[in-house]
Amino acid sequence: EQVFARGQRMEQDRRKASRPGRWALTLFGLPFAGAGIGMLLLLLAPVLVEWQQSRTWVPVEARLLAAELVANHGDSTTYQATARYQYRYAGRDWTGDRVSLYRGADNLGGFQEQLGNELEQAFRTGRPVTVYVNPDDPAQALVDRTLRVGYLSFMAAFVLLFGGIGVGMMVWAWRAPAAAAATVATA
């Protein structure tokens, strides 16, 4: 009974002493968790959702109005395939500029460079391209609906790294010391 009472006092003392430390570790882990969750919600999930939706979109022939591979030089060179195109769907002419599921420039693999070069070549020669049109909203179209495994893996690594570190810190702050104290109290 005396050992049990001493264990309870130790647990109460440990809880009082570690409360500020738990909050500090939680606050430290919060930006990491936020970055991971933010990347998941803003970068990774939208691509997967749009890819799934675009699988049912209708292929239509389009005429390129412009096409360019844009290179951005900084610490590293990033590329972005850009294009404007006109297509006919449901008896009406539409104009689009969405090239792929991925918005913005990147340097992950050669996807942007290859697509940009193909579009520039098609534009120069006047060759039509296939675009995929959303039958529920024909104003939405895109040239390439490829799911880029390398891009998704890269983003998923950051989501898991930052999110995992942040969530891990917060869970550890509130769970691990309690488990360690319980082990000491029963010894």
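- Taking hydrophobic clusters as Ile, Leu, Val, Met, Phe, Trp and Tyr residues chained together by side-chain heavy-atom distances below 4.5 Å, Leu101 shares a cluster with Leu115.
- Side-chain atoms of Glu120 come within 3.5 Å of backbone atoms of Leu69 as a donor-acceptor pair (strictly under, hydrogens ignored).
- The shortest non-hydrogen separation linking Leu64 to Leu119 is CD1-O, 3.4 Å.
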Inset, instruction - Test side chain to side chain contact (heavy atoms under 4.5 Å, CB included) on Leu30 and Phe28 and set out the steps. - result: CA-CA 6 Å; Leu30 198 58; Phe28 185 74; over 6 Å; no
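- In this structure, Leu147 is a member of the same hydrophobic cluster as Phe111, with clusters built from ILVMFWY side-chain heavy atoms closer than 4.5 Å.
- Using a cut-off of 4.0 Å between Lys/Arg side-chain N and Asp/Glu carboxylate O, Asp97 and Arg84 are scored as not salt-bridged.
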Result block: side-chain N/O donor-acceptor pairs under 3.5 angstrom for residues 53-60, not counting sequence neighbours:
residue: Ser54; atom: OG; partner: Glu50; partner atom: O; Å: 3.2
residue: Ser54; atom: OG; partner: Trp51; partner atom: O; Å: 3.0
residue: Arg55; atom: NH1; partner: Gln52; partner atom: OE1; Å: 3.3
residue: Thr56; atom: OG1; partner: Gln53; partner atom: O; Å: 3.0
residue: Trp57; atom: NE1; partner: Gln53; partner atom: O; Å: 3.3

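- Remark: Arg148 engages Asp106 in a salt bridge, criterion side-chain N to carboxylate O under 4.0 Å.
- Among all heavy-atom pairs drawn from Glu61 and Pro128, the shortest one is CG-CB, 3.4 Å.
- The aromatic rings of Tyr87 and Trp94 sit parallel to each other, their planes meeting at less than 30°, with 60° as the upper class boundary.
- Inter-residue side-chain proximity for Tyr102 and Val47 is flagged as met; some heavy-atom pair is nearer than 4.5 Å.
- In terms of heavy-atom proximity, Val131 sits nearest to Val143 at CG1-CG2, 3.9 Å.
- For Arg98, the CZ atom is densely surrounded, since the number of other residues' heavy atoms within 6.0 Å is greater than 12.
- Here the shortest heavy-atom pairing between Gln140 and Asn134 reads OE1-ND2, 2.6 Å.
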